[in-house]
Amino acid sequence: MLKQHLQFKLSQKLSPQQIQLMKLIQLPTQAFEQRLKQELEENPALEGGKEEIESDYDSDLDNSGEDFNDSESIGNDDINVDEYLSDDEIPDYRTQANNYSSDDEEKTMPYAAGTSFTQHLISQLNTYRLNDEEREIAEFLVGSIDESGYIRRDLSDIMDDLAFTQNVYTTEENIKKVLKIVHQLDPAGVGARNLQECLSIQLHRKEKTPDTELAIDIIDNSFDQFTKKHYKKLLQKFDVSEIQLKDAISEIEHLNPKPGGSYSGNNRIVEHVVPDFAIRIVDGELELTLNGRNAPELHVSREYNNMLKGYKDSKDKSQSQKDAVVFIKQKLDAAKWFIEAIKQRQQTLFITMSAIMHYQSEYFLTGDERNLRPMILKDIADEINMDVSTVSRVANSKYVDTPYGTKLIKEFFSESMKNDQGEDVSTREIKKILETVIEEENKKKPLTDETLAKILKDKGYPIARRTVAKYREQLDIPVARLRKKI
């Protein structure tokens, strides 16, 4: 028996234009400039810079009396040329922000970024004599290195991937052989499969001294006891004095557990992260500006407008002319949409950052992190009547230049908890105090999480031991046992 029934379903789908707008909002300044450059190259109807002559087209041209009986002729109902020649539709677009002038200072703050790390490693491979298969394996291994500098995949999986994706059929032994070459690349320790191997590679590169020899012995043969800081067992096993052990451990502590993250300074290609906003204190008041590089001057090509005008004035409209005008129409549509999207991007960025600035005004006026108010994405979204995802796109990838340095905007967001007086305080404030207490502790007798919880409670922050442990882990601070020093 067949049954028929109606089902109503409410769904919301974003249009392609809305998706593109969201992507534009997410882009930081430099990536936005690249996207702008790409659009200018791909769309000839879009031009940058000021237009020298204002549009002066007559949008009310008389279309009466035009009669196109030819089978190849095109009527105005097919293509509304007036829509594109109207002064209202195609003005000299200027998307420049009102709070930015051309002579404003454009500051850049260098931040180390890992985008060129893989290229840096591959360029080093050119100094080694490798056959074609070895080079493909080496480049694949380098491509498998993560941001910390490790290869965290089994060699058997890499062997399978080489066969399936690169058409390179080899053995694990050959991969191990090439991996030893990768281990010779800089920075030292890169390409290691675990922390023990990473530290061992670095120690073997060092000049051989009694301290480094003992350090190598400890890492290669007693790594578990070292990580658990069982110093008494190490003293007995290697029959050395406390001073000798301390010097060897000092050698190990000066190694880099994340060689990928250390590729900075003179050893790294520095990528400049350009602040998207700037906050200044003027006469005791906060002043927000949007980086002018986010406010380009764009207009629709005058040449394309002339093409449309020529089509409108033409009495004999052929199929080939129609094809050309359809192409022009598509490009004009794209150019007009892109200009409008940039305007919306500027407005969204400025409104969102302005709300964040006023919400955290006490911090921006003082620079004291303890003055940061608890703030989540929803707080700002409700303030500006926008979606949480939009605020997230602005916060996750944008930087703001403040009197206290250039900050990633998402760092201003934190959850809240109540202190012993019932006041809402930022978890960031508590983490700062926790970090300070641990920095000042006696490293021979580090404070346990339970002791830290008691100290914080005495300071007016009643939080549980497990919460202290969570905050400590978020700060990348190890447990008390691992903070212990001889």
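Sequence positions, counted from 1, serve as the residue numbers for this chain. Owing to the predicted nature of the structure, the values given are computational and were not obtained by experimental measurement.
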Checklist entry - Does the cation-pi check pass for R373 over Y359, that is, NZ or CZ under 6.0 Å from the six-membered ring centre and within 45° of its axis? => result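 Here R373 passes the 6.0 Å and 45° test against Y359.
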
Checklist entry - Would R35 count as a cation-pi partner of F32, with NZ or CZ less than 6.0 Å from the six-membered ring centre and within 45° of the ring normal? => result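 Here R35 fails the 6.0 Å and 45° test against F32.
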
Checklist entry - Quick one: do D157 and R153 make a salt bridge, cutoff under 4.0 Å? => result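 R153 and D157: not salt-bridged.
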
Checklist entry - Below 4.0 angstrom, N of the basic side chain to O of the carboxylate: do R193 and E197 qualify? => result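 Salt bridge between R193 and E197, a charged N being under 4.0 Å from a carboxylate O: yes.
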
Once rounded to the nearest 0.5 Å, what's the spacing between atom [atom1] of [X] and atom [atom2] of [Y]?
X: D476; Y: E435; atom1: CG; atom2: CD; answer: 10.0 Å
X: L24; Y: E39; atom1: CG; atom2: CD; answer: 8.5 Å
X: R280; Y: L288; atom1: CZ; atom2: CG; answer: 10.5 Å
X: L36; Y: R293; atom1: CG; atom2: CZ; answer: 11.5 Å
X: D276; Y: N291; atom1: CG; atom2: CG; answer: 7.0 Å
X: I430; Y: Y471; atom1: CD1; atom2: OH; answer: 5.0 Å

So, do [X] and [Y] sit near enough that their side-chain heavy atoms are less than 4.5 Å apart?
X: K228; Y: D224; value: yes
X: P28; Y: V274; value: no
X: I342; Y: P296; value: yes

Checklist entry - Of all residues at least two apart in sequence or in a different chain, which pass the ring-ring contact (aromatic ring centres under 6.0 Å, His included) check with F412? => result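 By the ring-ring contact (aromatic ring centres under 6.0 Å, His included) rule, F412 matches Y363, F364.
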
Checklist entry - Are S200 and D220 close enough that a side-chain donor and a side-chain acceptor fall under 3.5 Å? => result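 Result is yes, a qualifying pair exists.
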
Item to check | Between Q38 and E42, a side-chain donor and acceptor under 3.5 Å | outcome: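 Q38 vs E42: donor-acceptor pair found between side chains.
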
With a cut-off of 3.5 Å and sequence neighbours excluded, list every side-chain donor-acceptor pair involving residues 388-395.
residue: S389; atom: OG; partner: D387; partner atom: OD2; Å: 2.5
residue: S392; atom: OG; partner: N396; partner atom: ND2; Å: 2.9

Checklist entry - Which atom names give the shortest non-hydrogen contact between D449 and V468, and what distance separates them? => result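 Smallest interatomic distance, heavy atoms only, reads O-CG1, 3.9 Å.
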
Next on the checklist: Restricting to non-hydrogen atoms, name the atom on V182 and the atom on A138 that form the minimum distance, rounded to 0.1 Å.
Outcome noted: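 The pair with the smallest heavy-atom distance is CG2-O, 4.4 Å.
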
Checklist entry - Between K444, K443, K445, which is the residue that forms a side chain to side chain donor-acceptor pair (under 3.5 Å) with E441? => result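 Of all the options given, the one that passes is K443.
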
Checklist entry - Is there a donor-acceptor pair under 3.5 Å between the side chain of T348 and the backbone N or O of Q344? => result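 Answer holds: yes.
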
Checklist entry - Checking Y404 side chain against T366 main chain: does a donor-acceptor pair fall under 3.5 Å? => result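 Checking the backbone N and O of T366 against the side chain of Y404, a donor-acceptor pair under 3.5 Å is found.
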
